[in-house]
Amino acid sequence: MAITITNTRNAVGPWLRYGATTAAVTATAVLGARAVDPASVWYRSLRKPSWQPPSWAFGAVWTPLYATIAYAGGRALGEAEDRHERTRLAAGLTTNLALNAGWNWLFFRLHSPRAGLAEPCS
């Protein structure tokens with residue numbers, strides 16, 4: 001007996017979609033965080049604005065932001081009309097996450113604010 005799926009929007013279960021986007025976002029966070037060293041002599045020597053948030057605020061902001069990105073990615077993939085649209089959405093999310101993690105490496109590891117500015121921000 002053959003099973004025919006007439007509505008491909010729900011062909012992949014939500015656990016798989018949300019699990020995949022959560023894994024991708026978590027990998028991005030871990031990879032990006034490995035490059036960050038706010039206690040480095042180089043970073044501390046930079047002139048920073050007086051309104052720069054305290055270091056604890058970055059985790060307080062990025063954690064829910066990353067959770068929202070994972071949720072939005074899973075939801076968008078679930079709402080995609082067809083495989084082509086899902087593929088485009090997944091490619092866009094992957095590109096966004098790569099740029100996101102890459103910025104930390106350009107800025108903190110290369111010690112280059114200019115490289116951080118030059119990267120096409122996501």
Side-chain angles (χ1 to χ4, degrees):
M1 172 181 224
I3 298 174
T4 304
I5 299 174
T6 57
N7 182 356
T8 60
R9 290 174 65 167
N10 294 319
V12 176
W15 287 105
L16 182 58
R17 284 194 314 271
Y18 288 110
T21 56
T22 299
V25 168
T26 301
T28 298
V30 169
L31 184 62
R34 291 191 63 176
V36 176
D37 184 7
S40 73
V41 172
W42 173 80
Y43 183 72
R44 286 184 293 143
S45 72
L46 294 175
R47 285 187 352 202
K48 295 179 270 314
S50 61
W51 48 265
Q52 179 188 17
S55 57
W56 63 263
F58 290 92
V61 169
W62 280 97
T63 300
L65 178 62
Y66 274 141
T68 304
I69 292 169
Y71 172 76
R75 178 154 181 174
L77 291 171
E79 293 295 319
E81 293 293 328
D82 56 32
R83 183 183 184 118
H84 178 69
E85 186 176 5
R86 270 191 303 282
T87 300
R88 286 188 11 230
L89 285 166
L93 179 61
T94 301
T95 301
N96 180 283
L97 294 175
L99 290 171
N100 189 292
W103 184 90
N104 289 344
W105 287 89
L106 292 171
F107 184 84
F108 285 100
R109 284 294 177 205
L110 292 181
H111 296 168
S112 178
R114 286 195 173 142
L117 285 173
E119 180 196 355
C121 296
S122 52

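For the numbers below, each heavy atom of this structure counts, side chains included, while hydrogens, waters and symmetry mates do not.
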Rounding to 0.5 Å, atoms CG (Asn104) and CG (Asp37) come to a distance of 11.5 Å
Is the shortest side-chain heavy-atom distance between Phe107 and Pro113 below 4.5 Å? yes
* Asked: Under 4.5 Å between side-chain heavy atoms, hopping through other hydrophobics if needed: is there a path connecting Leu65 to Val25?
  -> yes
For Gly116 and Leu106 the tightest heavy-atom approach is N-CB, 4.3 Å
In short, Thr21 meets Gly74 closest at the heavy-atom pair CG2-N, 3.5 Å
Smallest heavy-atom separation, Arg44 atom then Lys48 atom, equals O-NZ, 3.6 Å
Smallest heavy-atom separation, Arg34 atom then Trp105 atom, equals CB-CZ2, 4.0 Å
Residues Pro64 and Val61: closest non-hydrogen pair is CD-O, 3.3 Å
Discussion item. Is any side-chain heavy atom of Val36 closer than 4.5 Å to one of Tyr43?
Written reply: no
Side-chain touch Leu97/Ile69, heavy atoms, less than 4.5 angstrom
yes
In this structure, CG of Asn100 is separated from OG1 of Thr95 (nearest 0.5 Å) by 12.0 Å
Heavy atoms, side chains only, cut-off 4.5 Å: are Leu93 and Leu89 in contact?
no
Report the relative orientation of the aromatic rings in Trp103 and Phe108; use parallel for angles under 30°, tilted for 30 to 60°, perpendicular for over 60°.
-> perpendicular
Practice item. Check the hydrophobic clustering (I, L, V, M, F, W, Y; side-chain heavy atoms under 4.5 Å; chains of links allowed) and say if Phe58 and Leu31 are grouped together. Key: no
Checklist entry - Under 30°, 30 to 60°, or over 60°: which ring-plane class applies to His111 and Trp42, parallel, tilted or perpendicular? => result parallel
Aromatic ring proximity, centroids under 6.0 angstrom, Trp62 and Tyr66 = yes
Closest non-hydrogen contact found for Arg86 with Ala80 is CG-CB, 3.2 Å
